[in-house]
K.L.:
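I am attaching a structure below and will ask some questions about it afterwards.
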Amino acid sequence: MRGGLLVSPARIVFLIVTAVFAVLASRELYASIRTASISIVAERIERGDTVTNDIAARYAARAIDVVDGHYCRSDIVAAGVTLVLAQLDRQNVNINYDAWVAAASNARRYLQYALSCMPTNSNFWLRLAAVQSTIAEEPLAIAEMMKRSVVLAPYDESIVLTRFYFWNDFTGATLSAASSAVDGDLTTMLKLGDRCRVNATMKAVSPQLRPAFDRIWASVGEGATARFRQRCSR
């Protein structure tokens with residue numbers, strides 16, 4: 001009789017595993033409900049839809065709350081990155097310095113958090129470098145962030161072309177500190193990049209980037225660069 005009352009170890013393990021999955025599922029559901037509006041507004045911004053400054057500010061603040069909620073789900077974190085960067089882009093340091101400082105600080109903090117969740121995300125390293133450069137250009141620190149971005153996505157054309165935009169804006173000191181990464185991106189652009197997209201990107205090369213650009217242009221050879229002299233029909 002007593003043997004029939006005993007619960008087998010397998011059944012105990014099954015019940016424990018079921019309970020754990022139920023708790024995790026509940027937490028994921030709660031996270032989805034709490035952050036649903038954040039994702040919706042982020043998608044509107046990414047599509048280029050009109051989002052008022054008040055709404056952008058409100059949902060950027062909610063995204064910052066995600067840091068305290070310790071959510072590391074990729075879709076939630078990515079939506080937050082969109083919102084905090086949009087909030088920073090809407091600030092004008094010459095009109096409201098305090099608001100700009102707050103937005104820049106929040107963006108840096110959030111991106112650091114995003115990278116703690118997804119340290120292999122090349123775009124997040126790039127964005128953190130860009131935000132840091134707007135706060136204070138620290139050549140060695142920014143160079144390391146950009147190097148990580150290059151290592152993690154050396155041939156992703158969209159990322160490479162986006163990085164070019166920031167390389168074009170960084171100071172000579174930062175470009176010097178990240179010279180190998182700069183050379184790698186420029187070489188990839190000129191050898192492998194879509195002719196029309198690269199042509200559109202490199203229309204204006206900054207004075208500080210020009211020496212590296214001209215050197216890489218010469219090094220890849222006429223065979224690689226001749227195609228960029230062709231007219232783009234699109």
Side-chain angles (χ1 to χ4, degrees), residues 28-69 71-93 95-96 99-100 102-135 145-146 149 152-153 155-169 185 189 193-204 232-234:
E28 288 299 307
L29 178 61
Y30 174 76
S32 296
I33 293 172
R34 185 181 178 190
T35 61
S37 57
I38 291 175
S39 298
I40 290 170
V41 176
E43 288 174 4
R44 289 176 57 191
I45 291 173
E46 290 168 357
R47 288 197 305 264
D49 295 347
T50 300
V51 176
T52 66
N53 288 337
D54 287 344
I55 290 177
R58 185 189 316 155
Y59 284 94
R62 289 190 186 181
I64 296 298
D65 290 340
V66 169
V67 175
D68 297 324
Y71 298 129
C72 261
R73 216 170 72 190
S74 60
D75 58 330
I76 296 174
V77 172
V81 168
T82 295
L83 288 165
V84 297
L85 291 178
Q87 178 64 5
L88 177 57
D89 286 342
R90 289 169 184 244
Q91 306 308 309
N92 188 320
V93 65
I95 295 176
N96 190 333
W100 177 86
S105 177
N106 285 337
R108 177 169 62 180
R109 178 185 171 215
Y110 190 92
L111 281 162
Q112 289 169 338
Y113 161 74
L115 282 166
S116 73
C117 295
M118 289 175 279
T120 59
N121 189 302
S122 172
N123 186 50
F124 290 173
W125 282 109
L126 167 60
R127 300 302 173 178
L128 180 59
V131 169
Q132 179 58 51
S133 73
T134 66
I135 296 172
M145 296 172 197
M146 292 295 287
S149 179
L152 292 169
Y155 302 116
D156 184 318
E157 184 172 72
S158 294
I159 295 293
V160 171
L161 295 181
T162 302
R163 280 198 298 262
F164 179 86
Y165 172 83
F166 291 105
W167 290 133
N168 210 30
D169 198 47
D185 268 355
M189 276 179 55
D194 175 84
R195 174 173 55 87
C196 293
R197 292 190 68 190
V198 172
N199 263 334
T201 300
M202 65 183 188
K203 280 183 177 178
C232 282
S233 59
R234 55 187 171 95

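Note that the structure is predicted; figures quoted are calculated from it, not measured.
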K.L.:
Looking at CD of Gln112 and OG of Ser116, how far apart are the two atoms once the value is rounded to the nearest 0.5 Å?
P.N.:
9.0 Å

K.L.:
May I ask you to test the Ile135-Arg108 pair for a side-chain heavy-atom distance under 4.5 Å?
P.N.:
yes

K.L.:
Do Thr201 and Tyr165 come within less than 4.5 Å of each other through their side chains, counting heavy atoms only?
P.N.:
no

K.L.:
Heavy-atom distance under 4.5 Å between the side chains of Trp100 and Thr134, does that happen here?
P.N.:
yes

K.L.:
Rounded to the nearest 0.5 Å, what separates atom OG in Ser158 from atom CZ in Arg163?
P.N.:
11.0 Å

K.L.:
Please find the pair of heavy atoms, one from Ala114 and one from Val81, that lie closest to each other, and give the distance.
P.N.:
CB-CG2, 4.0 Å

K.L.:
Starting at CE of Met189, measure out to CZ of Phe164 and round the result to the nearest 0.5 Å.
P.N.:
4.5 Å

K.L.:
Do you know which two heavy atoms are closest between Ala107 and Leu88, and how far apart they sit?
P.N.:
CB-CD2, 4.2 Å

K.L.:
Might you point out which heavy atoms bring Glu157 and Asp194 nearest each other, and give the distance in Å?
P.N.:
OE2-N, 2.6 Å

K.L.:
Counting C-beta onward and ignoring hydrogens, is there a side-chain heavy-atom pair between Val131 and Leu85 closer than 4.5 Å?
P.N.:
yes

K.L.:
When you compare the side chain of Phe166 with that of Leu126, does any pair of heavy atoms fall below 4.5 Å?
P.N.:
yes

K.L.:
Just how far is it from atom CG of Leu83 to atom CZ of Arg44, taken to the nearest 0.5 Å?
P.N.:
11.0 Å

K.L.:
Which heavy atom of Ala153 sits nearest to which heavy atom of Ile159, and what is that distance?
P.N.:
CB-CG2, 4.3 Å

K.L.:
Thr52: which residues meet the side-chain contact (heavy atoms from CB on, under 4.5 Å) condition with it, sequence neighbours left out?
P.N.:
Asp54, Ile55

K.L.:
Would a 4.5 Å heavy-atom cut-off, applied to side chains only, mark Val77 and Arg73 as touching?
P.N.:
no

K.L.:
Atom CD1 in Ile38, atom CZ in Arg58: separation rounded to 0.5 Å?
P.N.:
12.0 Å

K.L.:
Sequence neighbours excluded, which residues qualify as ring-ring contact (aromatic ring centres under 6.0 Å, His included) partners of Tyr59?
P.N.:
none

K.L.:
Over all heavy atoms of both residues, which pair between Ala99 and Gln91 is shortest? Give the atoms and the distance, please.
P.N.:
CB-OE1, 3.3 Å

K.L.:
Quick one: list whatever passes salt bridge (Lys or Arg N to Asp or Glu O under 4.0 Å) with Arg109, sequence neighbours left out.
P.N.:
Asp68

K.L.:
Evaluate side-chain contact (heavy atoms from CB on, under 4.5 Å) for Leu152 paired with Trp125, printing each intermediate quantity in order.
P.N.:
CA-CA 9 Å; Leu152 292 169; Trp125 282 109; 3.5 Å; yes

K.L.:
Could you go through the side-chain hydrogen bond (donor to acceptor under 3.5 Å, both in side chains) check for Arg195 and Asn199 one step at a time?
P.N.:
CA-CA 6 Å; Arg195 174 173 55 87; Asn199 263 334; over 6 Å; no

K.L.:
List the atom of Ala63, the atom of Val84, and the distance in Å for their closest heavy-atom pair.
P.N.:
CB-CG1, 4.4 Å

K.L.:
If you round to the nearest 0.5 Å, how far is OG of Ser74 from CG of Asn121?
P.N.:
9.5 Å

